[in-house]
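Before any comments, here is the structure.
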Amino acid sequence: MNDIHGLSDEKLMHMCIKGDSNAFGVLFHRYQGKILNFAWRYLNDMGSAEDVLQKTFLRMLLFRKSFRKKASFATWLYTIAKNLCWEDSEKLRKESHAHNENPDPSEYERQDPLHEVEQKELHETVRKAISSLPPRQRTAVILTKYQGMTLSEAAMVLGCSEGAVKQLIHRALPDLRKKLTPYIRS
Amino acid sequence: MRCKKSRKLLITYIINELKAAKREKLEEHLASCSDCSSELEALRGLWDLLDVSENIDVPGHLAQKVASQAASLVDVKVESQWRWYALQWSLMGAVLTLVCCILALLFLDPSTKPEMSYQAGDVKIGFYLAEHEKATQYVSFQTVSSTPSKSRWIPMNREDMFYYDGLEGGDSGVFLRGQEGRRNSFQDKNAKPAITEGKIITFSEAEKLMPFSVAAPETLGSNYKFEFVVKINGKECVQIVYSDGARTLSLFQQHVWAENGIRRRDFQEYILHKAKGGSQNAVLGWITKETAFNLVGEVGFSELMQLAEEIQEKIATDKLQDFYEKLYGE
């Protein structure tokens with residue numbers, strides 16, 4: 001019991017399937033921050049990100065029996081979070097269309113970097129640039145850049161090949177560059 | 001290597017996932033191509049810029065909320081085999097007691113029929129409304145005696161099932177299913193109760209899926225707040241989950257004539273299953289014109305009864321309207 005914190009994610013997950021609540025506690029402690037940050041970067045909305053964090057761990061418990069023995073726990077959990085983010089994002093998109101509040105894509109181009117020297121604003125701009133990417137490109141960038149995943153791990157989460165993940169990141173870069181180039185120079 | 005191919009490899013190079021052979025060739029090309037070299041620097045600058053977005057911490061209240069919701073879903077591990085043996089012994093004891101009772105009923109004068117006895121720690125449920133008092137006329141103790149109780153109070157063990165139901169003839173009444181039900185439950189000790197498997201859905205999805213108006217008051221009692229809705233796998237039934245931060249309360253709903261709904265036996269299995277992990281859930285069931293409700297929680301029967309009445313009162317009024325608008329709006 002004392003060594004539970006030293007166990008692998010997969011071992012803990014199998015204990016959790018058998019009904020060990022301590023194992024769940026350790027897994028939750030390990031991944032709560034990662035999942036919240038993943039969702040926050042994806043959705044660019046703290047309230048929705050918190051919802052995704054909650055739902056991810058509840059789904060993880062409800063569907064714990066579907067976790068396969070040889071699977072990686074991290075990629076399985078991120079797959080749940082990714083699906084929830086995609087669902088949420090679609091809902092947010094529809095709502096923003098309904099309220100005609102969708103941001104103008106050229107908004108970034110109109111912004112003058114000289115007036116946005118505050119670091120906080122730079123953070124916001126980067127987040128906006130990422131959250132404006134198409135869902136799969138966005139997921140690929142967040143997983144590899146912020147979640148420290150390898151291409152093969154990101155491929156498992158996205159359900160595609162490593163080559164496809166490279167393609168997704170490759171396609172995302174021109175968009176990001178268009179929106180962020182002024183800041184790179186500064 | 002040509003520039004076109006080199007450009008395609010740059011991002012893989014930056015994230016350090018390029019294989020040795022390709023890396024070598026790319027580096028050779030970069031050394032001799034200033035265009036590709038400056039493209040690499042631009043991309044690296046862009047990739048590094050993304051680092052300004054720092055990580056955030058999980059708010060304490062959120063971690064606590066998820067942990068408490070999760071606690072109701074994780075089955076606590078049975079610590080050792082002796083509990084199972086204890087259960088078997090108690091079952092054998094219950095069977096022996098039942099046999100003795102039957103023999104006693106056969107050989108004793110009906111007027112001296114023994115009263116049903118309950119152990120210390122049993123609970124009683126009060127019938128404080130006029131309609132409940134009427135309902136007690138129809139009480140049947142299926143475990144020990146079939147004689148209806150005339151008492152205003154019904155003694156109950158926490159493992160009993162309590163149904164405020166429509167009996168034959170259409171009158172409201174009370175149905176008790178006691179520990180005898182154990183004999184029919186859990187024939188496969190490894191089987192999990194059907195109730196424990198489900199999928200979280202939105203309230204509007206629940207409304208679409210169920211052939212009746214799903215009732216979900218925003219709050220129950222003084223502390224319980226609405227948390228989420230679960231569709232039980234393979235059953236025409238939804239579970240509305242409430243939490244007070246530490247304990248959870250579930251309101252199961254299905255159509256009264258649901259062909260593939262949750263049966264009483266499922267609840268019996270569920271509370272026995274939970275009891276193995278040390279939690280003592282009680283179940284209160286009742287029906288309305290179109291919906292069968294089952295309220296399950298780690299609270300006493302009297303509290304369940306109060307909560308059931310609160311639910312009925314809220315369903316009967318339009319107090320839910322604002323909350324539903326909020327749910328649909330989400």
Side-chain angles (χ1 to χ4, degrees), chain A residues 15-16 18-25 28-29 32-37 40-41 46 49-51 53-65 91 95 119 122-127 129-130 141-142 144-146 150-152 162 166-167 169-170 172-173 176-177 180-181 183-185, chain B residues 7-12 14-18 39 41-59 61-63 65-79 192 196-202 227-228 230-233 239 241 273 276-277 329-330:
Chain A
M15 288 163 70
C16 188
K18 288 177 186 167
D20 190 325
S21 52
N22 292 325
F24 172 77
F28 178 68
H29 186 72
Q32 55 171 345
K34 291 177 183 178
I35 298 295
L36 182 68
N37 278 286
W40 178 55
R41 288 202 167 94
M46 186 48 101
E50 288 186 358
D51 281 351
L53 171 69
Q54 265 180 276
K55 288 179 186 169
T56 300
F57 281 96
L58 293 175
R59 275 197 189 181
M60 170 208 146
L61 287 175
L62 285 169
F63 300 110
R64 59 189 185 273
K65 279 186 183 169
K91 204 165 70 182
E95 277 173 14
Q119 195 72 352
L122 177 59
H123 293 181
E124 184 58 27
T125 309
V126 168
R127 272 208 314 277
I130 291 171
V141 169
I142 296 171
T144 50
K145 178 66 191 170
Y146 298 107
T150 62
L151 291 173
S152 69
E162 278 184 46
K166 281 185 211 169
Q167 276 289 327
I169 300 172
H170 202 74
L173 291 174
L176 291 174
R177 184 184 253 179
L180 300 172
T181 293
Y183 303 96
I184 302 170
R185 284 175 191 153
Chain B
R7 300 288 169 101
K8 280 186 181 173
L9 297 176
L10 291 179
I11 190 64
T12 324
I14 290 169
I15 61 178
N16 212 15
E17 286 228 27
L18 205 56
E39 175 65 9
E41 286 319 303
L43 273 184
R44 204 194 291 276
L46 174 65
W47 199 247
D48 290 346
L49 179 72
L50 302 183
D51 284 330
V52 299
S53 174
E54 290 166 352
N55 280 341
I56 45 165
D57 293 328
V58 180
H61 73 272
L62 183 63
K65 191 175 177 186
V66 179
S68 71
Q69 286 177 349
S72 68
L73 294 170
V74 181
D75 298 311
V76 181
K77 188 171 67 178
V78 180
E79 285 167 9
K192 288 279 176 69
T196 57
E197 304 291 335
K199 178 189 173 191
I200 293 180
I201 55 172
T202 63
E227 294 290 345
F228 54 92
V230 177
K231 160 83 177 65
I232 304 300
N233 286 353
Q239 175 188 12
V241 180
H273 177 72
K276 281 203 284 185
E330 275 178 3

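Here is how names work: the chains are called A, B, and so on, in the same order as the sequence lines, proteins then strands, and each is numbered from 1.
- Residues meeting the side chain to side chain donor-acceptor pair (under 3.5 Å) test with B/E17, sequence neighbours left out: none.
- In this structure the side chain of A/L176 never reaches within 4.5 angstrom of the side chain of B/L49, judged on heavy atoms.
- If you measure heavy-atom distances from B/L50 to chain A, the contacts under 4.5 Å come from both the backbone and the side chain.
- When heavy atoms are compared at a cutoff of 4.5 Å, A/I35 does not approach chain B at all.
- Rounded to the nearest 0.5 angstrom, A/L61 CG and B/T196 OG1 are separated by 12.0 Å.
- A heavy-atom distance below 4.5 Å is found between the side chains of B/L43 and A/R177.
- Taking 4.5 Å as the limit, every side-chain heavy atom of A/L173 sits out of range of all side-chain heavy atoms of B/L10.
- In this structure, the separation between CG on B/L46 and OG1 on A/T181 is 7.0 Å, given to the nearest 0.5 Å.
- Within the 4.5 Å cutoff, side-chain heavy atoms of A/I169 are placed close to those of B/W47.
- Atom CD1 of residue B/I11 and atom NZ of residue A/K166 lie 11.5 Å apart, to the nearest 0.5 angstrom.
- Of the listed residues A/E50, A/R41, A/K55, the one with more heavy-atom pairs under 4.5 angstrom with chain B than any other is A/R41.
- Proximity to chain B (any heavy atom under 4.5 Å) is shown, for A/L151, by both the backbone and the side chain.
- Heavy atoms closer than 4.5 Å to chain A are found in both the backbone and the side chain of B/D51.
- Only the side chain of A/M46 comes within contact range of chain B, with heavy atoms under 4.5 Å apart.
- With sequence neighbours excluded, no residue forms a side chain to side chain donor-acceptor pair (under 3.5 Å) with B/R44.
- Between B/E227 and A/Q54, the shortest heavy-atom distance links the atoms OE1-NE2, 4.4 Å.
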